[in-house]
Amino acid sequence: MSQPRPIKVIAVTGGKGGVGKTNVSVNLATALAEMGHETVLLDADLGLANVDVLLGLRPKKNISDVLDGTCSLEEVMLKAGERFRIVPASSGTQEMTSLSAHEHAELIHAFNSIADNLDVLIVDTAAGISDSVVNFVRAAQEVLVVVCDEPTSITDAYALIKLLNRDYQMTRFRVLANMVLTEQEGRNMFNKLLTVTDRFLDVTLQYVGSIPYDESVRKAVQKQVPVLKAFPKSKVALALRQLANKVDSWPVQTLPRGHLEFFVERLIRGTSPSD
């Protein structure tokens, strides 16, 4: 029997709200789909959905309908482009912001049902360091921490990395500087974060580059179209495609890590004897 193909799972997070991570998630997913990858974007801000708004979509069902058993994950997904689908969250639903550990596990397991037609899953987390954010980040293979040039952004990113390192022994994080005025500004942001993590934590940070500040992003948001589609030749679109190329080169995890994670059954099946 052939081994199931591995799926790349990337959590896009940042600690602080307002750093632009949802825009990064939407455009990264758009770029990966354009490169030929079957891509799904999970809006993991479960109580304050906004991925569907950025894409001008009007979901009739969302992730809460999957949890209460009224429909399957496949049924709530919306097509956002060729090879690009989203899993919308609910909006203004208090109970979705405080799921139990069992409900989180159910949600993560539900993704097994779509695994055969998937190459990349991007998880756009909520802001903050709630249990929900931590559970989704731990369930991913790659953690992309988005920072911007505000002292609170660096502080909150550090708080998130510290929590994941000290409480859950996570040691590897990738960092993206967003809305920078110059490339050097992005590098400086990363160095600020690196200075404190090197001093106080046992982690490895990898700088994956920067995304420039560009008015095209605001205009694309108003149009409810990804900036890659609305302004494909803009500086920001070029940088986002470069980010997608880097993400595409990241190796895919093929071994289970011993805790709840997306598609872990496939990893276990893939490592079992087949002859």
Side-chain angles (χ1 to χ4, degrees), residues 3-14 21-22 24-33 35-46 51 63 66 73-74 76-77 80 83-89 99 101 103-126 130-146 160-161 164-165 168-176 204 206 208 240 243-271:
Q3 289 192 353
R5 64 179 178 181
I7 297 165
K8 192 174 288 184
V9 185
I10 303 150
V12 181
T13 191
K21 63 181 180 45
T22 300
V24 168
S25 299
V26 164
N27 284 284
L28 176 58
T30 300
L32 289 167
M35 292 162 69
H37 299 297
E38 293 295 336
T39 306
V40 168
L41 171 55
L42 165 62
D43 188 344
D45 193 344
L46 299 180
V51 165
I63 206 78
V66 177
L73 188 65
E74 188 79 47
V76 307
M77 288 200 301
R83 297 192 174 89
F84 176 21
R85 295 169 291 167
I86 72 160
V87 179
L99 298 184
E103 287 169 321
H104 261 287
E106 275 191 352
L107 188 50
I108 287 165
H109 284 309
F111 279 79
N112 291 320
S113 67
I114 63 165
D116 289 336
N117 186 29
L118 186 57
D119 299 313
V120 184
L121 173 64
I122 295 175
V123 182
D124 179 35
T125 75
S130 66
D131 287 348
S132 174
V133 171
V134 168
N135 286 334
F136 281 124
V137 169
R138 292 185 70 223
Q141 300 163 13
E142 298 283 356
V143 186
L144 182 61
V145 180
V146 181
L160 176 65
I161 292 167
L164 293 165
N165 177 235
Y168 302 101
Q169 292 72 57
M170 292 180 66
T171 57
R172 197 168 56 85
F173 302 87
R174 301 186 192 262
V175 178
L176 175 71
T204 301
Q206 183 188 358
V208 297
L240 286 159
L243 172 65
N245 283 325
K246 288 178 185 174
V247 169
D248 192 38
S249 72
W250 295 349
V252 185
Q253 179 189 309
T254 55
L255 291 171
R257 291 167 295 167
H259 63 257
L260 180 65
E261 55 192 298
F262 287 101
F263 312 113
V264 69
E265 288 82 355
R266 291 171 80 78
L267 296 177
I268 292 167
R269 286 213 312 267
T271 56

| said: Tell me which one of Val12, Thr13, Val175 satisfies side chain to side chain contact (heavy atoms under 4.5 Å, CB included) with Val146. | reply: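 Output: one option passes, namely Val12.
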
| Of all residues at least two apart in sequence or in a different chain, which pass the side chain to side chain donor-acceptor pair (under 3.5 Å) check with Asp45? |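 None.
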
| field | Which residues share a side chain to side chain donor-acceptor pair (under 3.5 Å) with Arg174, sequence neighbours left out | value |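 In terms of side chain to side chain donor-acceptor pair (under 3.5 Å), with neighbours along the sequence ignored, Arg174 is linked to Glu142, Gln206.
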
Nearest heavy-atom neighbours spanning [X] and [Y]:
X      : Y      : answer
Ile86  : Ala80  : CG2-CB, 4.0 Å
Ala244 : Met35  : CB-SD, 3.9 Å
Val145 : Gly14  : CG1-CA, 4.2 Å
Ala110 : Leu73  : O-CD2, 3.7 Å
Asn135 : Ile108 : O-CD1, 4.3 Å
Trp250 : Leu144 : CH2-CD1, 4.4 Å

| request: Go through the structure and list residues passing side-chain contact (heavy atoms from CB on, under 4.5 Å) with Val134, not counting sequence neighbours. | output: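 Arg138, Leu163, Leu164, Tyr168.
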
| Partner set under side-chain contact (heavy atoms from CB on, under 4.5 Å) for Ala44, not counting sequence neighbours |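 With neighbours one apart ignored, the set is Leu42, Val123, Phe136.
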
| query | What pairs with Glu74 under salt bridge (Lys or Arg N to Asp or Glu O under 4.0 Å), at least two apart in sequence or on another chain? | reply |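 Result, salt bridge (Lys or Arg N to Asp or Glu O under 4.0 Å) vs Glu74: Arg85.
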
| query | Under the salt bridge (Lys or Arg N to Asp or Glu O under 4.0 Å) test, which residues partner Asp124, sequence neighbours left out? | reply |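 Checked Asp124 against salt bridge (Lys or Arg N to Asp or Glu O under 4.0 Å); matches are Lys21.
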
Any chance you could measure [X], atom [atom1], to [Y], atom [atom2], to the nearest 0.5 Å?
X      : Y      : atom1 : atom2 : answer
Leu121 : Leu32  : CG    : CG    : 11.5 Å
Glu38  : Phe84  : CD    : CZ    : 12.0 Å
Leu99  : Leu107 : CG    : CG    : 7.0 Å
Ile7   : Asp119 : CD1   : CG    : 8.0 Å
His109 : Glu106 : NE2   : CD    : 9.0 Å
Thr39  : Leu28  : OG1   : CG    : 8.0 Å

Donor-acceptor pair, side chain of [X] and main chain of [Y], under 3.5 angstrom:
X      : Y      : value
Asn165 : Ile161 : no
Asp43  : Val87  : no
Asn117 : Ile114 : no

| Side-chain touch Phe263/Leu118, heavy atoms, less than 4.5 angstrom |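 Side chain of Phe263 against side chain of Leu118, heavy atoms only: contact under 4.5 Å found.
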
| Side-chain heavy-atom pair Val24, Leu243 within 4.5 angstrom cut-off |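 Result yes, sub-4.5 Å side-chain heavy-atom pair found.
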
| task | List the steps, then state whether side chain to side chain contact (heavy atoms under 4.5 Å, CB included) holds for Ser25 with Val51. | result | CA-CA 9 Å; Ser25 299; Val51 165; 5.9 Å; no

| Exceeds 12 heavy-atom contacts within 6.0 angstrom, atom CG of Asn245 |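 Enclosed: over 12 neighbouring heavy atoms sit under 6.0 Å from CG of Asn245.
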
| request: Take Val9 and Glu261 through the side chain to side chain contact (heavy atoms under 4.5 Å, CB included) test and state the conclusion after the steps. | output: CA-CA 9 Å; Val9 185; Glu261 55 192 298; over 6 Å; no

| For residues His37 and Asp248, is any side-chain donor paired with an opposing acceptor at under 3.5 Å? |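 Asp248 and His37 do have a side-chain donor-acceptor pair below 3.5 Å.
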
